[in-house]
Amino acid sequence: MSAPQHDGAGVPVWEDEIRTTGPEGTQAAAERIGRQLAAGDLILLTGELGAGKTTFTQGLGRGLGVRPGIISPTFVLVRIHPSLSDGPDLVHVDAYRLASSGEIDDIDLENTMDSSVTVVEWGRGLVEHLAESRLEITLIRPTGADAAHLPDAGGLTFDFDDDPDEERVIRLAAYGPRWEQTDLRPAGPAEGTAPKET
Ligand code: ADP
Ligand code: MG
């Protein structure tokens, strides 16, 4: 192995799961998370197209208090949303078209990292080396038969792609020392899946 392994590489410090209904629900959850973020934080967003990664980022931006207007950056690799106060900026990256972590290094996120919260859609496997710690967020869109079994479905499910009020499962996995002390960490021993220091 040539690259040094960061502490944050392997086992999450904690994990959590949130369920939301509709884009507003996802944004509200993300807004609460955004309020706990600080300059230097690295967030990886995973989930299929339409899962809600960009919708989630809009809520994060609200919680951070950055300039609104967050859209899918699919055709623009990086967008910077400046803070409206003295908080961190939001650097929003879509890595979908990037094939290697070398290409990520070319866009020089390290430059803005220290003064910003960096959110990378499709970042898994590409950007972990940028920081010692990271928060991985996975958005899952239950579809078809699965969706019909959710308690909120009320026995009636429409499977239109543009259903405005779908349910999402949002999984959080925090890696590295940054996340040991945070209000985002779920309380109670039952939630702690990571072993204590050995
Ligand atoms: P991605 O960035 O993962 O491709 P987007 O955020 O661009 O996804 O799109 C998500 C779509 O799903 C939006 O049209 C949004 O309105 C819709 N949607 C419906 N329910 C939800 C929900 N609970 N959370 C997030 N988005 C939702
Ligand atoms: Mg997107």
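Atoms within a ligand are numbered from 1 in the order they appear, just like the ligands themselves. Counting from 1, the numbers follow the sequence of the chain as shown. Values below: all heavy atoms of this structure, side chains included; hydrogens, waters and symmetry mates excluded. Since the model is a prediction, treat every value here as computed from it, not as a measurement.
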Under 3.5 Å donor-acceptor pairs involving side-chain atoms of residues 101-111, not counting sequence neighbours:
{"residue": "E103", "atom": "OE2", "partner": "A99", "partner atom": "N", "Å": "3.3"}
{"residue": "D105", "atom": "OD1", "partner": "H129", "partner atom": "NE2", "Å": "2.8"}

**Report entry** T55 contact mode with ligand 1 (heavy-atom cut-off under 4.0 Å)
**Finding:** both

Query - Backbone or side-chain N/O/S of T54 under 2.8 Å of the Mg ion (ligand 2) - result: yes

Is there a donor-acceptor contact under 3.5 Å from the side chain of [X] to the main chain of [Y]?
X	Y	value
E128	G125	yes
R168	A51	yes
S116	M113	no

Would you say [X] touches ligand 1, if touching means a heavy atom closer than 4.0 Å?
X	value
G50	yes
G47	no
A51	yes
E121	yes
E48	yes

Report summary line: NE2 of H92 to OG1 of T118, rounded to nearest 0.5 Å, is 11.5 Å

Requested in this report: Provide the atom name of the closest N, O or S atom of E121 relative to the Mg ion (ligand 2).
Outcome: OE1

Can you list the atoms of ligand 1 that are under 4.0 Å from a heavy atom of [X]?
X	result
T20	23 (N)
T21	23 (N)
L49	4 (O)

Report summary line: Sequence neighbours excluded, the answer for salt bridge (charged side-chain N to carboxylate O under 4.0 Å, His left out) partners of E48 is none

Query raised in the report: Backbone or side chain, does any N or O of E166 fall under 3.5 Å from an N or O of ligand 1?
Result: yes

Query - ligand 1 N/O within reach of E167 N/O, cut-off under 3.5 Å - result: no

Query raised in the report: Can you name the one residue among L44, L45, I43 that meets side chain to side chain contact (heavy atoms under 4.5 Å, CB included) with E121?
Result: L45

**Report entry** Lys/Arg-Asp/Glu bridge criterion (N-O < 4.0 Å) met for R124, E136
**Finding:** yes

Query raised in the report: Any Lys/Arg nitrogen of R171 or E15 sitting under 4.0 Å from an Asp/Glu carboxylate oxygen of the other?
Result: no

